[in-house]
Amino acid sequence: MMIRKLFLLVFAVESVLLFCACGRDLSPQAVFQEDSDYFLGLLSLRDGNVGKAERLFRRCSERGSALCARRSLEMLARLGNVQKRQEACERLVARYGDDQAVLAAAKEFAADGEYARLLRATDGVDPASSDNELVALRLDALRRRNDSRYRRELYAWFLERPLDVRHYQFFRGCEADFEVPEELPAEAEEGRSAALQNAAVRLRVEVFRRNYGAAFQLFQAFCQALPLAPYIVSDMGKACLYGSHDNLQNARRFDSFAARPDGSGAAFYSWFYAGRLYEAAGSHDASALDRYRSAMDAAPADENYDNALWYFLNAVMKRSLDDAVSAIKETCPTWRSPEYFDDLLETLAPLLLSAHRWNDFSELYRALDGHASDAMTAKYAYLYGRLVQEGFAVPAGGAGSGDAEAAFARALTSGGDPYYCVMAIHRLGLGGEFAEEALCNIAPPAEQEADAGAERLLLGYAAFGLPDRIYPEWLSLSGRGIRIRLDAALKLASFLNECGGNRNEYYPQGLRIAVRAVSLAERPIVPDDLRLVYPRNYGRIVEENCGRFAVPEEILYALIRSESFFDSQIESSAGAVGLTQLMAPTAGDIARKLKYDDYDLKDAALNVEFGTYYLAELSRRLDGAWLPAFFAYNAGISRVRRWMESARIGFDRSAPLPIDLFLETVPYQETRGYGQKLIGASALYGWLYYGKSVSDVVSELLAQPGV
């Protein structure tokens, strides 16, 4: 087995080398030339040869391409004696000077206690916008040296930006610096400003900790005197919403904040939280909607506008479906980020279905087209088409107008979520090249130039057999908006997928890179690309258990991909473990039935065995149907049976509701989405690997054998 794993690793490295060398038989050193020193230096470090690694990094820092030279200099800043490290840090800052370079140097200066050097290196750091870890290092140095700049920069960091865990860690280390007196000094007394700023910091920290009661006490004591900076007002709003029950009085306070001249910069948050509080108070809908409109008018950025509009529409939806449909049709042309409203539209659909408002789907999908996300437009188009087919909705164009087919054709372009695309393919009876065109129809993103240096660095890690470096580097580069081409990204994904046979953690890493790359593809997608997005990892284990428990392989692969992204060690916050995400009580029941005394759910073979058995058993108990079994796997079989009966009664049918329409009535959004994911992924696995048409797989999944 070990020989096979080593062979796979060597094969993967050779594949990347062939790609890099454009088909020529070249060694990694010949392909990467001066940059080879960086990769060889990493290999030397892995072997414990620090001196050789230093020489190689030094040479690459002087002769390598930009990114490899930079990474070499960053490595030198961590190696050797104090003098060598600090000289490398000084060179790093002098040569690059951005936050990333200064942060790398600042970490070394802090570790060596060189706070004067750290402060010189960070003199250009802006506490309101620079990297939080970097600002924290600078503030710690200022505090240690009792520097007069400490307070000013400290308050800017805590009061002029969103808080994260670094703020909280810093606060805990110097909480005494934020003392708040029981009574504020008089207006003219020295120390009043510092006391107010300390109170604002403490309020923000309590909100970050979700200790809303303590935050509200600070609000009560200081609200009329606190500076009305945007983030302070926002956190005061959270303190009132979640730390107090006097919503009406608090709403009026935020009305007064919006009217204060010194609060003009925070007008959006004042109006927004006034609206939230009026809504929470009950029986003040008109006041809430009015404040949301004012917040939209005062929104300083697109995301603020969408935030206020979302709450406006959500409040309208609670009041009246008629008003909600009208408001969505009226406002959707103004949506800045269409995806922001997906969850609201997801919530609206089952409400309309349960209220028998079939014909609203015709109006909504046409109104949303071009303004909502492709996924939501596809959803409403598909539902309208199905409601027409089943005789619930009246075709807008009259009988025989082809409205249903036109709606399904629109649903083919559903963005990154394949569910409505595969369902539309099934309803339209598409096969062959027509189905392939629809499945590979991923809209190219806005043009963005790929970074050749980033590609070279990442492919170098693969070529020199350093898979552990690829994913962290890719995350760092992607987080800074650096893009690599689809073909390069897929080579990395393929390499990591091959390495996953040796270390399973590489499976989910390769999959994430492939998914991201395909979503940003700058060229048309082909089926081979999709095979990296829908891989068949753990193939022998899946094949054995599917044969044993009579589960189609495409279904089990879809379940594993959806549950764990092929991460055998994953454990959810709820306690679900492993590839098929089993909970302990469920696993215990399965173990008794399969006669296991001891078991480890992080063992891939055992987890897949348990998960396959469980899915097959759920299907058997639900008359051999697969889609209800998916729902039961996510939410429990008793709930699913209740939902199915309620849906049949709600649609006034003697026979069970068509299963795809039943899916749309499931009251849990998570369970609806789960079923959709498994149908979409199963269809793609069946099409990509098992010679099945999309319609074949969908028909199998939607079958209701007991009906």
Side-chain angles (χ1 to χ4, degrees), residues 1 4-5 8 497 500-501 504 507-508 511 531 534-570 576-637 640 674-675 677-679 681-692 696-706:
M1 178 63 71
R4 179 177 179 273
K5 289 178 177 178
L8 288 172
N497 204 48
N504 292 346
Y507 282 144
L511 180 51
R531 288 187 178 94
Y534 295 90
R536 291 190 296 177
N537 302 324
Y538 304 99
R540 179 186 58 79
I541 298 170
V542 169
E543 182 180 359
E544 287 177 359
N545 285 288
C546 284
R548 179 181 173 188
F549 297 115
V551 174
E553 288 185 26
E554 63 269 18
I555 289 179
L556 188 58
Y557 277 121
L559 183 140
I560 294 171
R561 183 186 185 277
S562 299
E563 287 284 2
S564 65
F565 241 46
F566 295 97
D567 185 347
S568 64
Q569 304 304 300
I570 195 170
V577 178
L579 291 172
T580 62
Q581 286 289 278
L582 293 168
M583 300 290 288
T586 303
D589 289 341
I590 296 168
R592 285 191 291 275
K593 292 173 182 176
L594 295 179
K595 300 187 180 348
Y596 277 89
D597 294 325
D598 298 310
Y599 56 91
D600 177 6
L601 288 177
K602 290 187 177 179
D603 176 83
L606 181 136
N607 189 288
V608 171
E609 179 185 0
F610 278 26
T612 314
Y613 169 84
Y614 184 49
L615 180 63
E617 179 69 4
L618 289 171
S619 176
R620 182 189 66 77
R621 293 171 64 189
L622 289 160
D623 301 319
W626 286 114
L627 184 54
F630 295 164
F631 296 144
Y633 197 100
N634 179 261
I637 193 167
V640 173
Y674 184 78
K677 282 182 183 177
L678 263 62
I679 289 176
S682 296
L684 278 156
Y685 272 109
W687 175 68
L688 287 168
Y689 296 106
Y690 297 100
K692 296 183 178 181
D696 288 340
V697 179
V698 172
S699 294
E700 185 174 8
L701 294 176
L702 298 189
Q704 296 170 275

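What you are looking at is a predicted structure, and each value in this text was computed from that prediction instead of being measured. Side chains included, hydrogens not; waters and symmetry mates left out as well; all remaining heavy atoms used.
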Can you name the side chain to side chain contact (heavy atoms under 4.5 Å, CB included) partners of Thr586, sequence neighbours left out?
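Per chain and number, Thr586 pairs via side chain to side chain contact (heavy atoms under 4.5 Å, CB included) with Leu582, Met583, Ile590, Tyr614.
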
Set of side chain to side chain contact (heavy atoms under 4.5 Å, CB included) partners for Asp696, sequence neighbours left out:
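Lys692, Ser693.
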
So, do [X] and [Y] sit near enough that their side-chain heavy atoms are less than 4.5 Å apart?
{"X": "Ile570", "Y": "Gln581", "value": "yes"}
{"X": "Tyr674", "Y": "Glu563", "value": "yes"}
{"X": "Lys602", "Y": "Ser568", "value": "no"}
{"X": "Trp626", "Y": "Pro552", "value": "yes"}
{"X": "Ile637", "Y": "Arg621", "value": "yes"}
{"X": "Asp567", "Y": "Tyr507", "value": "no"}

Ser619 side chain to Leu615 backbone, donor-acceptor under 3.5 Å
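Not confirmed, Ser619 side chain does not pair with Leu615 backbone.
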
Please check this pair: side chain of Thr580 against backbone of Asn607, looking for a donor-acceptor N/O pair closer than 3.5 Å.
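Such a contact is found between Thr580 side chain and Asn607 backbone.
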
Residues Tyr599 and Glu609: side-chain donor-acceptor under 3.5 angstrom
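No, no side-chain donor-acceptor contact under 3.5 Å.
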
I'd like to know if the side chain of Tyr689 pairs up with that of Glu554 as donor and acceptor (distance under 3.5 Å, no hydrogens or angles considered).
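There is no such pair between these side chains.
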
Quiz item: cation-pi between Arg561 and Tyr534, 6.0 Å / 45°
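Yes; both conditions hold, so Arg561 lies above the ring face of Tyr534.
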
Contacts of type ring pair (Phe, Tyr, Trp, His ring centres under 6.0 Å), residue Phe565, not counting sequence neighbours:
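With neighbours one apart ignored, the set is empty.
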
Should the ring pair Tyr557 and Tyr685 be called parallel, tilted or perpendicular, given that the plane angle runs from 0 to 90° and is split at 30 and 60?
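Aromatic pair Tyr557/Tyr685 classed parallel.
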
